[in-house]
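Keep in mind that what you see is a predicted model, and the values were worked out from it rather than measured.
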Amino acid sequence: MADRTAPASLLPVQDLVNTLDIETGTDALTADGGLDAFLAAHGLPPLAPADGGPAALRALTELREALRTVCLAHTAGGPPPPADARALDRLLARGPLVLALAPDGAPALRPAAGLRGADRLVALLAAAVATAAADGTWPRLKACEAHDCRWVFYDRSPAGRSRWCSMAVCGSRAKMRSYRARRAESG
């Protein structure tokens, strides 16, 4: 099976979107302790009460779905719907970035000073998106075309035209549905 894991720079984005398993309805982000576990997995401290609590969680789940919509647009090969693009702009604005120099002198985007909690996570995600857009990897982060899946995967195919998270599961199901529809039409 092909590796569908995003490069390290995009992994936090992929991980965030995949906290919701649409097929089972399981939401790791909203599960008890799920947000703190996600933050810890990405090197961030748990949210403090002053960091927004339920409002921060709502904003992150909204961001997750806006990112999923953009990844689905990548799968379709076009831009996201304008309303979804505006929502993503609004949500990413919570995490301002600054340009900094790494120890080797290379420029890099970093969260602005003083950001905490969910806003710091948003800034890290925004930096990942900006970096991926600059290096050309952003359009390869895609959402599975299957309506009951929408799992985000990284398209490593040479042509960059993958449509399903797994050809063996979602791709096979889609092809079987198409085959059955053609057979039903032909009588």
Side-chain angles (χ1 to χ4, degrees), residues 1-24 26-31 34-44 57 59-81 84-85 87-89 91-95 97 100 102 106-111 115 118-171 174:
M1 181 170 183
D3 179 19
R4 301 299 208 154
T5 305
S9 61
L10 272 176
L11 195 55
V13 177
Q14 182 181 31
D15 287 350
L16 176 67
V17 179
N18 288 341
T19 58
L20 176 63
D21 183 333
I22 290 174
E23 188 172 21
T24 65
T26 305
D27 188 342
L29 196 61
T30 62
L35 177 56
D36 287 341
F38 180 84
L39 293 169
H42 293 282
L44 297 169
L57 182 58
L60 287 174
T61 56
E62 186 181 1
L63 175 60
R64 173 183 68 195
E65 296 314 309
L67 287 165
R68 185 186 319 277
T69 300
V70 171
C71 290
L72 191 56
H74 291 167
T75 306
D84 293 320
L88 187 56
D89 285 348
L91 293 162
L92 290 176
R94 289 184 55 161
L97 301 172
L109 291 172
R110 302 277 184 248
L115 290 178
D119 291 342
R120 183 160 179 80
L121 174 60
V122 170
L124 290 170
L125 296 169
V129 169
T131 300
D135 69 19
T137 57
W138 177 234
R140 287 188 173 259
L141 192 64
K142 298 179 174 183
C144 183
E145 203 171 76
H147 71 281
D148 58 346
C149 180
R150 302 293 196 235
W151 197 253
V152 169
F153 64 95
Y154 188 77
D155 184 356
R156 295 183 183 278
S157 69
R161 293 189 193 138
S162 292
R163 296 170 38 199
W164 300 288
C165 64
S166 164
M167 191 59 208
V169 179
C170 291

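- Residues Pro80 and Ala85 come closest through the heavy atom pair CG-CB, 4.1 Å.
- Applying the side-chain hydrogen bond (donor to acceptor under 3.5 Å, both in side chains) test to Thr30 and every residue at least two apart in sequence or in another chain returns Asp27.
- The side-chain hydrogen bond (donor to acceptor under 3.5 Å, both in side chains) search around Thr26 returns Thr24, not counting sequence neighbours.
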Would you please test Leu35 and Thr19 for side chain to side chain contact (heavy atoms under 4.5 Å, CB included) and show each step? CA-CA 10 Å; Leu35 177 56; Thr19 58; over 6 Å; no
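- Leu141 approaches Ala6 most closely through the heavy-atom pair CD1-CB, 4.0 Å.
- Of the possible donor and acceptor atoms, none in the side chain of Asn18 sits under 3.5 Å from a partner among the backbone N and O of Trp151.
- One distance of note links CG of Leu10 with OG1 of Thr5; it measures 12.0 Å at 0.5 Å rounding.
- To the nearest 0.5 Å, atom NE2 of residue His147 and atom CD1 of residue Ile22 are 10.0 Å apart.
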Could you walk me through whether Asp84 and Val70 pass the side chain to side chain contact (heavy atoms under 4.5 Å, CB included) test, one step at a time? CA-CA 8 Å; Asp84 293 320; Val70 171; 5.7 Å; no
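- Closest approach of Asp3 to Arg156, counting heavy atoms only: O-CD, 3.2 Å.
- Taken from CG in Leu29 to CZ in Arg64, the straight-line distance is 5.5 Å, to the nearest 0.5 Å.
- For the side chain to side chain contact (heavy atoms under 4.5 Å, CB included) test, no residue two or more places apart in sequence or in another chain qualifies with Pro79.
- With rounding to the nearest 0.5 angstrom, the OG atom of Ser9 is 10.5 Å from the CH2 atom of Trp138.
- In terms of the side chain to side chain contact (heavy atoms under 4.5 Å, CB included) criterion, residue partners of Asp155 (sequence neighbours excluded) are, by chain and number, Arg4, Arg140, Lys142, Phe153, Ser157, Ser162.
- Applying the side-chain hydrogen bond (donor to acceptor under 3.5 Å, both in side chains) criterion to Asp119, with sequence neighbours excluded, gives Arg94.
- With sequence neighbours excluded, the residues that form a side-chain hydrogen bond (donor to acceptor under 3.5 Å, both in side chains) with Asp135 are Thr137.
- The two residues His74 and Pro139 make their nearest non-hydrogen contact at CB-O, 3.4 Å.
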Can you list the steps and then say if Leu60 with Phe38 is a side chain to side chain contact (heavy atoms under 4.5 Å, CB included)? CA-CA 11 Å; Leu60 287 174; Phe38 180 84; over 6 Å; no
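- To the nearest 0.5 Å, the span separating CG on Asp21 from SG on Cys149 amounts to 7.5 Å.
- Take Tyr154 and apply the ring pair (Phe, Tyr, Trp, His ring centres under 6.0 Å) test, not counting sequence neighbours, and it matches no residue.
- Every residue was checked against the side chain to side chain contact (heavy atoms under 4.5 Å, CB included) condition with Pro158, not counting sequence neighbours, and none meets it.
- Evaluation of the side chain to side chain contact (heavy atoms under 4.5 Å, CB included) rule for Glu65 yields Leu20, Arg68 as partners, not counting sequence neighbours.
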Could you list the donor-acceptor pairs under 3.5 angstrom formed by side chains in residues 122-129, with sequence neighbours left out?
none

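- Side-chain N or O atoms of Thr75 include one that pairs as donor or acceptor with a backbone N or O of Ala143 at under 3.5 Å.
- Remark: Arg110 pairs with no residue by the salt bridge (Lys or Arg N to Asp or Glu O under 4.0 Å) rule, at least two apart or across chains.
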